[in-house]
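No hydrogens, no waters, no symmetry mates; every other heavy atom, side chains included, goes into these values. Note that the structure is a prediction, hence the values are computed from the model and not measured.
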There are 2 protein chains.
Amino acid sequence: MTQSDTGVADSGRKHRRPLVNLGGLSRFFPILGWGREYNSSILTSDLVAALIVTIMLIPQSLAYALLAGLPPVVGLYASILPLIAYAVFGTSRTLSVGPVAVVSLMTAAAAGNIAVAGSPEYLAAAIALALLSGLILLAMGLFRLGFLANLLSHPVVSGFITASGIIIAASQLKHILGIPSGGDNLIEIARALFAHIGETNPYTLAIGIAAMAFLFWVRKGAKPLLARMGLGARMADLLAKAGPVLAIIATTAAVTVFGLADKGVKTVGEIPVGLPPIALPAFTPALWSDLLVGAIFISIIGFVESVSVAQTLAAKRRQNIAPDQELVALGASNVASAVSGGFPVTGGFSRSVVNFDAGAETPAAGAFTAIGIGIASLFLTPLLFFLPLATLSATIIVAVLSLVDLRKPLELWSYSKRDFIAITATILVTLVDGVETGVLTGVALSLALFVWHSSRPHAAIVGQVPGTEHFRNVRRHAVLTVPHLLTIRVDETLTYLNSRWLEEFVLAEVARRPDLKDLVLMCSAVNGIDASGLEVLESLNRRLADAHVRLHLSEVKGPVMDRLERSHLLHDLSGKVYLSQYDAFEELAGPAAETAIASVPDIGTEREEARL
Amino acid sequence: MTQSDTGVADSGRKHRRPLVNLGGLSRFFPILGWGREYNSSILTSDLVAALIVTIMLIPQSLAYALLAGLPPVVGLYASILPLIAYAVFGTSRTLSVGPVAVVSLMTAAAAGNIAVAGSPEYLAAAIALALLSGLILLAMGLFRLGFLANLLSHPVVSGFITASGIIIAASQLKHILGIPSGGDNLIEIARALFAHIGETNPYTLAIGIAAMAFLFWVRKGAKPLLARMGLGARMADLLAKAGPVLAIIATTAAVTVFGLADKGVKTVGEIPVGLPPIALPAFTPALWSDLLVGAIFISIIGFVESVSVAQTLAAKRRQNIAPDQELVALGASNVASAVSGGFPVTGGFSRSVVNFDAGAETPAAGAFTAIGIGIASLFLTPLLFFLPLATLSATIIVAVLSLVDLRKPLELWSYSKRDFIAITATILVTLVDGVETGVLTGVALSLALFVWHSSRPHAAIVGQVPGTEHFRNVRRHAVLTVPHLLTIRVDETLTYLNSRWLEEFVLAEVARRPDLKDLVLMCSAVNGIDASGLEVLESLNRRLADAHVRLHLSEVKGPVMDRLERSHLLHDLSGKVYLSQYDAFEELAGPAAETAIASVPDIGTEREEARL
């Protein structure tokens with residue numbers, strides 16, 4: 001049987017970069033892959049999904065534009081061309097891109113550093129952020145830099161999203177209360193809210209509270225109710241997700257009928273009718289350089305979120321996504337947003353789940369959604385004149401509070417103190433100083449803790465288990481050792497982060513053994529040795545020679561040995577390289593092996609328990 | 001036989017933090033340890049060493065002050081109190097602290113950003129740098145942050161020192177030529193030199209070239225010559241090291257006798273006679289905040305250099321040093337330098353080697369050296385009036401060129417491309433943009449390459465070796481697999497840097513196996529799982545369940561299992577945890593095991609060769 005028959009060994013060759021489709025051009029234009037298999041049954045599924053997503057997206061797009069401090073119509077603009085770009089380049093069949101909560105908050109923070117919300121400069125900054133994020137994502141995709149997203153550990157992302165959710169909810173209270181406010185972090189927001197709390201508009205507050213209560217109830221209670229009314233589970237689920245649309249219709253009607261706009265209830269007001277204006281963003285290098293850091297954060301956070309959603313959905317149907325191509329697709333979507341007057345977009349969780357549940361089968365559903373939003377912005381916007389901002393804020397608050405997960409830090413406390421520190425610091429710094437400092441703190445702290453932990457790897461002094469060829473930790477087992485021979489088992493890959501530690505460890509052990517003549521480093525668990533590790537081995541070899549101790553290696557893995565053969569170490573080594581630790585012990589312990597001393601295990605020490 | 005008799009298991013308990021002395025107070029004041037054993041024989045050795053080091057240090061101190069852009073006398077000031085502070089706090093018996101080349105260059109770069117060399121503000125900045133470095137080092141010692149020095153990989157340090165050596169040598173050409181010049185990097189220095197090359201002073205040039213030629217010859221030829229003249233090898237070596245002193249005496253005499261100072265040869269001139277003024281540095285927070293970044297670099301580079309020298313020397317006599325306490329000692333030395341009008345100091349290679357070779361046995365030799373320098377600054381300085389700056393520059397150039405190692409990048413090219421990139425980038429950026437950017441680039445690039453490499457760990461699809469309980473890579477061995485069962489062996493500790501990769505790898509493999517029912521992750525090589533790794537396992541578990549694939553684990557190590565038991569994973573797991581992979585295969589392959597397919601190994605694939 002040949003390997004291609006098995007399907008296993010053959011697939012192995014490709015597993016470096018999972019191809020979504022047939023390779024070649026379709027790797028860069030996945031549309032060429034799924035487009036070929038398109039038929040009328042898929043078309044029907046995609047059209048139905050597009051209709052449902054369009055209805056859901058209209059309020060969501062308006063709301064997230066509001067959250068980003070932009071005119072609501074910009075949210076619609078950001079929900080048309082980006083979806084078409086993603087349909088061409090994206091590798092997820094069901095991901096729905098557009099404005100999302102966290103990225104909208106980050107847009108507000110970055111643009112807010114440049115201009116006052118509502119000004120033309122602010123809008124220009126938001127468009128420039130979309131353009132820059134798009135270019136950064138494209139560059140990351142072309143240069144395969146997606147791995148940089150790994151710097152965002154799960155605790156940092158989780159903490160960041162929790163803190164962002166709290167900030168977003170707090171920032172929307174101003175619309176619920178009908179008062180002016182602002183700020184990029186919890187302290188600024190709270191201060192601004194308290195300063196104006198006396199100006200609360202009772203009608204606005206009533207609408208806001210009613211909308212929030214309804215939306216919270218829809219989340220929990222609507223589905224069982226609809227199911228009792230005889231609807232299928234899936235239909236009930238989808239109808240429940242349309243809750244925001246109902247809230248919008250009801251509150252818009254209330255404002256219109258009771259003339260509440262005259263009583264101080266702020267509404268969306270005039271929305272320009274028509275499709276988004278297509279234009280290249282102005283060439284403004286000074287503005288771009290001011291926005292660069294913000295754009296980098298938006299790109300990476302958006303990418304991490306989007307890939308995570310895409311993977312979750314793809315796995316359900318055993319489909320696959322290609323992260324590097326996703327960078328290209330999100331980059332193209334953001335550039336498309338920028339040229340059509342939109343703001344930064346990414347793959348959103350709730351909209352993608354709706355798309356998936358509604359039966360979307362290909363990215364064409366996204367393109368149809370774009371057409372739907374286009375039609376809405378042509379004909380529907382006048383109906384939104386009396387839509388109260390409080391309702392949009394209520395939908396935002398209800399959506400983002402589901403992102404807040406304050407139990408996570410507690411779970412991490414019991415699982416890993418390092419990760420607990422990372423998540424707690426990320427949450428606190430984000431709340432107190434805003435999104436950019438928060439992410440940066442989380443990333444830097446995670447790295448520092450990782451470096452700290454990596455710089456103290458495990459190594460054990462080992463001896464021979466009597467009567468066997470096995471060698472075990474002297475502190476856990478009764479094993480044989482001889483005074484003039486020391487064997488240290490290194491339990492990690494040697495990298496620059498931990499090689500200095502190894503050097504200190506070895507030299508300290510040698511310093512306390514005046515009779516030592518031979519030192520063996522047992523390398524059975526060493527998967528690699530970088531140049532710093534090599535340097536340390538060379539320096540140990542020289543230093544031990546100065547102290548009249550020979551350095552030997554044992555059980556060096558094949559690939560590590562291949563590499564060492566390209567260095568001077570093996571030539572300069574004062575001792576030998578033994579295939580097995582047993583060989584080394586036999587030869588080096590010599591006649592003294594008979595006088596070997598059995599150590600008594602000493603299990604309960606602090607270090608073993610903490611680190612093993 | 002009890003464990004304390006063996007001396008092995010007992011020492012194990014202490015190996016976390018090698019104690020230099022008897023513990024307690026002497027850990028923080030090593031002087032209490034060696035001071036107790038002090039006797040007249042040690043005193044004699046220390047006094048002889050101190051005399052030799054003093055003679056060598058006088059020209060070196062003056063030269064490095066010149067390199068730092070400071071009045072020569074500041075070099076003497078920085079060679080008195082710091083040595084006494086190190087004698088009290090240091091854990092190396094033979095390390096000699098004081099001004100060193102690279103740190104002097106970094107001082108010049110940092111102070112040069114604040115003021116013009118020669119101005120009182122420049123001197124104040126240099127003193128403030130010593131104070132800040134001292135406080136940073138002390139803080140790092142108290143909070144045990146020495147591990148941060150691990151961020152400086154060997155290639156980065158090596159590249160940085162090579163580039164610094166080139167910059168230093170280039171910067172000293174102005175004194176050899178007797179022309180004005182300046183600049184923090186090679187380009188600035190070259191530009192300034194070319195602008196003034198026409199103003200070269202022939203007498204200065206003659207002195208400079210003669211001094212350089214003599215010093216290079218002394219390095220290579222003096223020792224054999226002295227040995228032929230009947231001197232012992234050690235004496236010949238020490239006398240050869242006194243070459244700079246001879247050069248100074250000869251050229252000073254020449255300038256005095258021939259009245260060359262009147263012909264434009266620049267000399268040291270008037271040096272204030274007396275001990276350094278002891279004064280607390282002025283409280284200047286604005287200046288400190290400007291110098292903070294420079295001080296951080298000086299602290300960490302100085303620490304890395306010093307510890308490396310101290311370890312080399314300690315190992316020769318099977319002594320030991322305590323890196324965290326070294327931070328305290330170097331911190332105290334720098335604070336001592338600051339309060340006595342000096343500039344940043346650290347442990348120097350050449351001076352420590354001289355101290356060691358001259359027979360120093362305890363840090364008291366350093367204290368005696370301090371007294372020697374103190375006497376010199378009281379009585380000797382008038383003799384240095386006609387010492388030409390060209391001679392001092394010649395000693396600097398000859399000393400630093402020995403630090404330049406341009407073969408290192410070539411060696412790394414063949415050993416590790418990643419490390420080659422790191423060293424080359426560090427050298428080039430340091431040469432072109434100066435020391436701070438150079439170090440920063442090296443550190444950032446090393447980390448990025450490390451993250452990149454860590455984010456693509458090795459994992460292999462394994463199958464059963466027929467007739468055994470062993471499981472091997474399907475691409476290297478003829479092994480048995482069944483279509484509905486996939487086993488993936490993970491060959492790394494799961495951290496946030498690589499867990500996303502694992503998720504993509506697993507989901508891609510699952511996506512191409514429509515018949516898959518069970519997935520086993522074989523964890524024999526997984527030494528740990530951080531919270532991000534746990535999150536990925538939990539998410540894989542959910543996603544695979546959605547795709548009707550059960551997730552199992554096998555061969556989980558004890559400590560990893562202990563930790564997993566504190567999480568939800570084991571409770572939520574769709575499959576089981578098997579003690580051995582063989583158990584898992586037996587149970588899951590079931591009757592289908594008989595229809596198992598033998599894969600054909602496929603050794604020559606690119607990925608295996610590049611990564612395994």
Side-chain angles (χ1 to χ4, degrees), chain A residues 1-3 6 8-9 11-13 15-16 18 147 150-151 153-155 311-312 315-316 318-320 323 412 414-416 419 446 451-452 455 461 474-475 481 491 496-497 500 504-505 507-512 527 530-532 534-535 543 546-547 559 566-567 597 599-600 602 605 607 612, chain B residues 1-3 6 8-9 11-13 15-16 18 147 150-151 153-155 311-312 315-316 318-320 323 412 414-416 419 446 451-452 455 461 474-475 481 491 496-497 500 504-505 507-512 527 530-532 534-535 543 546-547 559 566-567 597 599-600 602 605 607 612:
Chain A
M1 187 161 276
T2 71
Q3 71 181 62
T6 70
V8 173
S11 67
R13 195 176 302 164
H15 72 185
R16 298 170 72 195
F147 73 90
N150 287 327
L151 286 171
S153 69
H154 277 270
Q311 277 180 337
T312 301
K316 284 190 201 233
R318 295 208 192 184
Q319 292 164 347
N320 199 10
L412 289 179
S414 78
Y415 186 75
S416 155
D419 287 306
S446 300
V451 169
W452 173 77
S455 67
I461 294 172
V474 295
R475 300 175 48 233
T481 57
D491 287 347
Y496 74 100
L497 294 175
R500 245 182 278 267
E504 286 163 19
F505 179 85
L507 292 176
E509 292 299 331
V510 171
R512 65 165 64 90
N527 291 314
D530 74 0
S532 302
L534 176 70
E535 186 83 33
R543 290 174 182 182
D546 285 343
R566 300 205 300 270
S567 77
I597 294 157
S599 66
V600 171
D602 172 26
T605 59
R607 180 183 158 84
L612 186 93
Chain B
M1 187 161 277
T2 71
Q3 72 180 66
T6 70
V8 174
S11 68
R13 194 177 304 166
H15 71 185
R16 299 171 70 197
F147 73 91
N150 288 327
L151 286 171
S153 68
H154 278 269
Q311 277 180 337
T312 301
K316 286 189 198 234
R318 297 207 190 185
Q319 291 164 349
N320 200 9
L412 290 179
S414 77
Y415 185 75
S416 156
D419 286 307
S446 301
V451 169
W452 173 76
S455 68
I461 294 172
V474 294
R475 301 181 42 237
T481 57
D491 287 348
Y496 74 99
L497 295 176
R500 244 182 279 266
E504 286 163 19
F505 179 84
L507 291 177
E509 292 299 332
V510 170
R512 66 165 63 90
N527 291 314
D530 75 359
S532 302
L534 176 69
E535 187 81 35
R543 290 175 181 181
D546 285 344
R566 301 205 300 269
S567 77
I597 295 158
S599 66
V600 171
D602 172 28
T605 59
R607 180 183 159 86
L612 182 95

Roughly how far apart are B:Gln319 CD and A:Leu507 CG, rounded to 0.5 Å?
12.0 Å
Minimum heavy-atom distance A:Ser455-B:Phe147, with the two atoms named
OG-CB, 3.5 Å
Portion of B:Gln311 that has a non-hydrogen atom of chain A nearer than 4.5 angstrom:
both
B:Leu497 portion near chain A, given a 4.5 angstrom heavy-atom threshold
both
Highest number of heavy-atom pairs under 4.5 Å with chain B: which of A:His154, A:Arg543, A:Arg500?
A:Arg543
In terms of heavy-atom pairs under 4.5 Å with chain A, the winner among B:Asn527, B:Leu412, B:Leu151 is B:Leu151
Closest approach of A:Tyr496 to B:Asn150 (non-hydrogen atoms, all atoms of both residues)
CD1-O, 3.1 Å
My understanding is that only residues two or more places apart in sequence, or in another chain, count here; which of them pass side-chain contact (heavy atoms from CB on, under 4.5 Å) with A:Ser416?
A:Arg418, A:Asp419, B:Arg563
